[in-house]
J.: 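My questions will all concern the structure given below.
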Amino acid sequence: MNLKKRCISAIAVILVLGFGVDICRLFWFQVIKSEEYKTAAEAQQLSDTVISADRGVIYDAKMNVLAESASAWLVYVNPSKIEDETEKNLVATGLAGIFKDLKVENIKEKISNSDYSYVKIKSRVEYNEKTAVSKFIKENDLYEVIGIDPDTKRYYPLGNFASTIIGMTNSDNNGRAGVELAYNDTLTGVPGRIITAKDANSHNMSSNYETKFDAEQGTSLVLTIDKTVQYYLEKGLSQAVIDNDAASAYGIVMDVDTGAILAMATMPDYNLNEPSVITDEETLKELAKITDEDEYDVAYNNAVYLMWRNRAISDTYEPGSVFKIFTAAAGLEEGVVTTNSTYNCTGAIRVADNTIRCHRHEGHGTQSFTEGLMNSCNPFFITVGQELGTDRFYKYFEAFGFTETTGVDLPAEASPAADITYHSKENMGIAQLSSSAFGQTFQVSAIQMITAVSAVANGGKLMEPYVVAKKLDGDGNTLFEKTPTVRRQVVSRSTSETVIGMMEKVVSEGTGKNAYIPGYRVAGKTGTSEKLTVDGQYIASFVGCAPADDPKIAVLIIIDEPQVGNHGGGAIAAPVAGSVIEQTLKYMNVEPVYTDEELSKLNAATPDVNGMTVTGAKNVLTAQNFTARVVGDGDTVLAQYPAKNQSIPMGGVVILYTEKDNSSQSSTVPNLTGMSISEANRMAVNAGYNIKVSGAALNSEVVSYRQSIEAGTKAELGTTITVYFKTTTGVQDD
C-alpha cells in the first residue's frame, strides 16, 4: 500500500511538473514573448513593401519647376535565398557590373553580414539600370534572390540653377541643404505600403491576398525666387569671378518692401543632380597636387562641403565703406548732422593714439555731408560716429539688425557674437566706435547687410527676409501664404529719403558711378575691406537700390579675394550691380526716364528706308546722324538691318541691301575692349556693327572691358553688340 501510494505520488509529481513546465512555456510564448513571435510569424506569412512618397515640388515665383520627384526603383537582395558562395559571387559581380559606383567586395560584405531577408543594394535606380537588373535576374534565374521595389528620385531640371538656395537630398530622400533641408518635414510625404500574403515556400501569393496603402506626396513650395532675376544675378557673378580672378562672388536681390528674396547666388556653384562632383577648375588643380590617397579624400570632401556653402547666408565679412550708409542714417535721425554739414578732410584723423587715414591721403578738403558719402571720406564718418557717441551709435547698430540673425528661412545662417563678430556696447571705446563708424573691425553677413539697406530704402522698416512664399497641397490649393513681417521701425521716412538721395549722388557723381544706368535713378554705396583672416586679400562690395525716387529692389554684390590691381568695390562690384539692376528693372517693366543730356548721347530709332533709292536712303540716314553701308550693286534698297524703329546709337550704322541674294551678310566681330565710347563706336561702325553702351556714367572717363559678342566670332552685319564700360577715376573707397 505504501509502495502504491508512493508510485501514485511520484506519477502525480511528474504530471504536475510536466504540465507546469508546459504551462510556463505557454505563458512565456503567449504572454511574455507574444509580440516578438507574432512579428516573426507575420514576417514569414506576409510581405511588407514600403512605397516611397514623392517629395513636394519646389517652384519659383512664376511656377517654374525647380525640384521634383519622379519614379525610380530600389534593388535589394534576400541573403537567405542564396544557395552557396558561388551564387553569392554571381550576385555581387553582376550587380557591381550594372551599378558602376558599387564594388563587388562591398556588395558581398553587405550580403554576408546581414541577418535579414531584405538587404538594400541601391536606391533611386534609373530606368536603364532597372532594366539591366531585370535582365540579369531573368538570365540567371535569381527571382528569389534579387528583388526590385518602387522608389522615387529627386530631379533638378535646371542643374546648377539656384543650387545654394534649393539644396539637395541624400540617398534616403531627406533634405541635406538649402530649402530641401529647411523645409524637409514639409516636403516629405507619407510612405505607402503593399502587404501581400506568402505561401509555405515564402512566395508572394496572388493579388487577392494583397492590401495596398497609397503613398501621399509631400507639400509643395512656391519660392520668392524669380527665375529670370536669378539668371541675371548668376550670370553677373560668374563673369565677376572670371574678370577678377576671384575666389568667389555672391549676391542677393531683395524686394525692399516685403523682404522677399528675388535672387540669391554663390559662384562657383554646383550641379544639384551631381552634388558631389567638383567642376571648378582651380579647385581641381589644387586637389591634383595631393598624392596621398587619404589626404586627397579629406581635401575632396572639404571642397565639396565648401562648394555647397551658401556664402550669402553663412559667411561674414568686414563691410567697409558700405556701412557708412547706417552711420549717415543714425547721424541724420539723431540730428548730429545734416546734408549741408561740412567737414575739412586733411587726409587723416587722430583717434586715441592712432592716426586713421582717408583713402585719399592728400585729403578731400572742405565738403558737405553728402559729398562726404560721395567721396567715402573716413575722417568725416569717424567724426559723425564720435558725435553720436557709443550709446546712440550702438542703438542704431542694434536696430538695423547687426547683433542678431535675420530669421531668414534658410539653414546655417551666421550668428553674430558680441566681442567676436562685433564690439559689444560695454567694450566699445573711442577706437572701436571710430573704426565701426566707417565699417571696419567687425563683421556682418550678406543677408544682414541687404536687409538693413532695404530698411533704409523702404521708409525705415526692418523686414524679415524669406524665400518661401506659399505652401501647396497635391491639388495645387494654397495651404499657407507668407505675410511680410515688419520687425521694427528703425528710422523715419524723412531720414530714409534723405539717405537714399545721398546714395543717388554716390552713383551719379561719386565712387559708385560704375553702377550708373541711363534712364534709371540708382542709389548705392561702394565698399572695400581687407580680410581679417587672410593677409593681403580683399572683399569688394556694392549695395544699391532702385529706382531711387521709389525703391523697388535692393542689390548686393560681394567679390571675395579679387586678384586684380584695382580691387575696390567701386571698380569691380559696382558694374556687376548696375547690370543686374538694369536688367531686373526692365524685366519688371519699370520704364526708363531719360534726361535731356542722356537722350543727346543715347540711341535713336532707325528710319524706314526700304524701297528708297540708295542715294535717297543715304540722305535720310545722314540727316538723322546715322551711317549707311551698302551691300550689293543695285540702285534700290530691298532690305535694311537693323529694321525700322530699332534703337541704335547716334552715328550707328544701317546696312542697306540692294540685291535679293544679299539679304544678309556676316563678318568678323572686332575687339571693342580697352576703348572709350567714341572709339568703340567708331570701330564697330567701320566693321558694320552697332554698339549698345552699358555701364558707367556717360560723362565719366570710361573704358570698355567686355562685349556681349566675343571678338573674332561671326555675326550678321548691323548687329548690335552690347559693350560694357567702367571708370577707374574717382571710384576708390578703401
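Start at 1 with the first residue, then count along the sequence.
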J.: One pair to check against side chain to side chain donor-acceptor pair (under 3.5 Å): Ser376 and Lys324. What are the steps and the verdict?
T.: CA-CA 8 Å; Ser376 201; Lys324 291 169 183 172; 2.9 Å; yes
J.: Is any side-chain heavy atom of Arg311 closer than 4.5 Å to a side-chain heavy atom of Tyr317?
T.: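 They are not in contact (no side-chain heavy atoms under 4.5 Å apart), so the answer is no.
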J.: Are side-chain heavy atoms of Phe326 and Phe402 found at a separation under 4.5 Å?
T.: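 Sidechains of Phe402 and Phe326: in contact.
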J.: Just say parallel, tilted or perpendicular for the rings of Tyr270 and Trp308, cut-offs at 30° and 60°.
T.: tilted
J.: Evaluate whether atom OH of Tyr231 has more than 12 neighbouring non-hydrogen atoms of other residues, nucleotides or ligands under 6.0 angstrom away.
T.: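 12 or below, so no.
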J.: Any side-chain heavy atom of Ile557 within less than 4.5 Å of one from Leu237?
T.: yes
J.: Check whether the side chains of Thr441 and His423 place a donor and an acceptor atom closer than 3.5 Å, and report yes or no.
T.: yes
J.: Can you list the steps and then say if Met463 with Ser454 is a side-chain contact (heavy atoms from CB on, under 4.5 Å)?
T.: CA-CA 8 Å; Met463 307 300 297; Ser454 293; 5.9 Å; no
J.: Taking NZ, NE, NH1 and NH2 as the nitrogens, is one of them in Asp315 or Arg309 under 4.0 Å from a carboxylate oxygen of the other?
T.: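 Looking at Asp315 and Arg309, the cut-off is met.
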J.: How long is the gap from OG1 on Thr266 to CD1 on Ile165, to the nearest 0.5 Å?
T.: 8.5 Å
J.: Check the side chains of Lys235 and Ser238 for a donor-acceptor pair under 3.5 angstrom, ignoring hydrogens and angles.
T.: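 Result is no, nothing qualifies.
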J.: Main chain of Gln432, side chain of Ser436: is a donor-acceptor contact present, judged purely on distance under 3.5 Å?
T.: yes
J.: Looking only at side chains, do Gln443 and Thr316 share a donor and an acceptor under 3.5 Å apart?
T.: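 Result is yes, a qualifying pair exists.
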J.: side-chain contact (heavy atoms from CB on, under 4.5 Å) between Thr370 and Met374: does it pass, once the steps are laid out?
T.: CA-CA 6 Å; Thr370 298; Met374 289 165 53; 4.0 Å; yes
J.: Donor-acceptor pair, distance only, cut-off 3.5 Å: does the side chain of Gln583 make one with the backbone of Val229?
T.: no
J.: Per the salt bridge (Lys or Arg N to Asp or Glu O under 4.0 Å) rule, what does the pair list look like for residues 437-447, sequence neighbours excluded?
T.: none
J.: Under 3.5 Å, is there a donor-acceptor pair between the side chain of Thr327 and the main chain of Ala437?
T.: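 Answer holds: yes.
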J.: Nearest 0.5 Å, what's the CD1-CD distance between Ile313 and Gln448?
T.: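 Answer for the CD1-CD pair, Ile313 versus Gln448, is 10.0 Å.
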J.: Closer than 4.0 angstrom, basic N to acidic O: yes or no for Arg487 and Glu398?
T.: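 Salt bridge flag = no for Glu398 with Arg487.
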J.: Charged N to carboxylate O below 4.0 Å: is that the case for Glu561 and Lys531?
T.: yes
J.: Side chains of Lys470 and Ser220: donor-acceptor distance under 3.5 Å anywhere?
T.: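 No - no donor-acceptor pair under 3.5 Å links their side chains.
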J.: Taking atom types as modelled, find out whether Asp257 and Asn458 have a side-chain donor-acceptor pair closer than 3.5 angstrom.
T.: no
J.: How about Asp409 and Tyr183: does a side-chain donor come under 3.5 Å of a side-chain acceptor?
T.: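 Checked: Asp409/Tyr183 side chains pair up, N/O donor to acceptor below 3.5 Å.
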J.: Is it the case that the side chains of Ser492 and Glu333 hold a donor-acceptor pair, with the cut-off being a distance below 3.5 Å and no angle test?
T.: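 Per modelled atom types, Glu333 and Ser492 side chains form a pair under 3.5 Å.
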J.: Evaluate the ring planes of Tyr232 and Tyr587, with Trp represented by its six-membered ring, and classify them as parallel (under 30°), tilted (30 to 60°) or perpendicular (over 60°).
T.: perpendicular
J.: Taking the basic N atoms (NZ, or NE/NH1/NH2) and the acidic carboxylate oxygens, is any pair closer than 4.0 Å for Arg154 and Glu180?
T.: yes
J.: May I have the step-by-step check of side-chain contact (heavy atoms from CB on, under 4.5 Å) for Leu433 and Leu388, ending in yes or no?
T.: CA-CA 10 Å; Leu433 172 62; Leu388 282 165; 6.0 Å; no
J.: Just by distance, no angles: are the side chains of Thr526 and Thr511 close enough, under 3.5 Å, to form a donor-acceptor pair?
T.: yes
J.: With no hydrogens and no angle check, just 3.5 Å: does a side-chain donor-acceptor pair link Gln239 and Asp243?
T.: yes
J.: Any side-chain to backbone donor/acceptor pair from Asn64 onto Asp60? Under 3.5 Å, distance only.
T.: no
J.: Could Lys586 and Glu582 be called an ion pair, given the rule that one side-chain N must be under 4.0 Å from one carboxylate O?
T.: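 Yes, charged N to carboxylate O under 4.0 Å.
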J.: Looking at Phe323, Phe369, Phe438, which hits ring pair (Phe, Tyr, Trp, His ring centres under 6.0 Å) with Phe381?
T.: Phe369
J.: Please report the closest heavy-atom contact between Ala554 and Ile450, naming both atoms and the distance.
T.: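 Result for this residue pair: O-CD1, 3.5 Å.
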J.: Quick one: OG1 on Thr164 to CE on Met307, what's the gap to the nearest 0.5 Å?
T.: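 Interatomic distance, Thr164 OG1 to Met307 CE, rounded to 0.5 Å: 11.5 Å.
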J.: What residues form a side chain to side chain contact (heavy atoms under 4.5 Å, CB included) with Ala177, not counting sequence neighbours?
T.: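 By the side chain to side chain contact (heavy atoms under 4.5 Å, CB included) rule, Ala177 matches Met168.
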J.: Please determine, by modelled atom types, if Arg55 and Asn184 share a side-chain donor-acceptor pair under 3.5 angstrom.
T.: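 Yes, side-chain donor-acceptor contact under 3.5 Å.
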J.: If the plane angle is over 60° it's perpendicular, under 30° parallel, otherwise tilted; pick one for Phe397 and Phe442.
T.: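 Phe397 vs Phe442 ring planes: perpendicular.
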J.: First locate atom OG of Ser541, then atom CG of Asp560, and finally report the distance between them rounded to the nearest 0.5 Å.
T.: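 Going from OG on Ser541 over to CG on Asp560, the span is 11.0 Å.
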J.: What I want to find out is whether Glu504 reaches Arg521 closely enough, with some N-O distance under 4.0 Å, to be called a salt bridge.
T.: yes
J.: Which atom names give the shortest non-hydrogen contact between His359 and Asn375, and what distance separates them?
T.: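 Answer, listing the atom of His359 first, then Asn375: NE2-O, 2.8 Å.
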J.: When rounded to the nearest 0.5 angstrom, what distance separates CG in Leu187 from CG in Leu181?
T.: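 Spacing of CG (Leu187) from CG (Leu181) equals 10.5 Å.
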J.: Going by distance alone, is a donor N or O of one side chain under 3.5 Å from an acceptor N or O of the other, for Gln537 and Gln563?
T.: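 Their side chains do contain a donor-acceptor pair, which is all the 3.5 Å distance test asks for.
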J.: Describe, in one word, how the ring planes of Tyr394 and Tyr422 are oriented to each other, choosing from parallel (under 30°), tilted (30 to 60°) and perpendicular (over 60°).
T.: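 Tilted: the ring planes of Tyr394 and Tyr422 meet at 30° to 60°.
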J.: Any idea how Phe400 and Tyr396 line up, ring-wise: parallel (<30°), tilted (30 to 60°), or perpendicular (>60°)?
T.: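 If you compare the ring of Phe400 with that of Tyr396, the planes turn out tilted.
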J.: If you apply the rule side-chain contact (heavy atoms from CB on, under 4.5 Å), what do you find for Ser321 with Lys525, and how did you get there?
T.: CA-CA 8 Å; Ser321 294; Lys525 185 69 187 77; 3.6 Å; yes
J.: In this structure, are over 12 heavy atoms from other groups packed under 6.0 Å from Glu710 atom CD?
T.: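 Result for CD/Glu710: open.
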J.: Is it true that Lys482 and Glu464 make a salt bridge, defined as a side-chain N closer than 4.0 Å to a carboxylate O?
T.: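 Yes.
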J.: Does the pair Lys395/Glu334 count as a salt bridge with the N-to-O cut at 4.0 Å?
T.: yes
J.: Does any part of the side chain of Pro484, heavy atoms only, come nearer than 4.5 Å to the side chain of Tyr466, both counted from C-beta?
T.: yes
J.: Hey, could you give me the CG/CD1 distance between Asn244 and Ile559, rounded to the nearest 0.5 Å?
T.: 5.0 Å
J.: Might you point out which heavy atoms bring Ala61 and Thr224 nearest each other, and give the distance in Å?
T.: CB-O, 3.8 Å
J.: Flag the pair Ile500 / Cys545 as yes when at least one side-chain heavy-atom distance between them is below 4.5 Å, and no otherwise.
T.: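 Side chain of Ile500 against side chain of Cys545, heavy atoms only: contact under 4.5 Å found.
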J.: Are side-chain heavy atoms of Met267 and Ser248 found at a separation under 4.5 Å?
T.: no
J.: Side chains of Tyr705 and Pro575, heavy atoms from C-beta outward: is any pair under 4.5 Å?
T.: yes
J.: Kindly indicate whether the side chain of Phe725, heavy atoms from C-beta on, has any atom under 4.5 Å from the side chain of Val703.
T.: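 When only atoms from C-beta onward are counted, Val703 and Phe725 do not touch, as no gap falls below 4.5 Å.
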J.: Applying side chain to side chain donor-acceptor pair (under 3.5 Å), run through Glu413 and Thr406 and close with a yes or a no.
T.: CA-CA 8 Å; Glu413 181 180 2; Thr406 65; 2.9 Å; yes
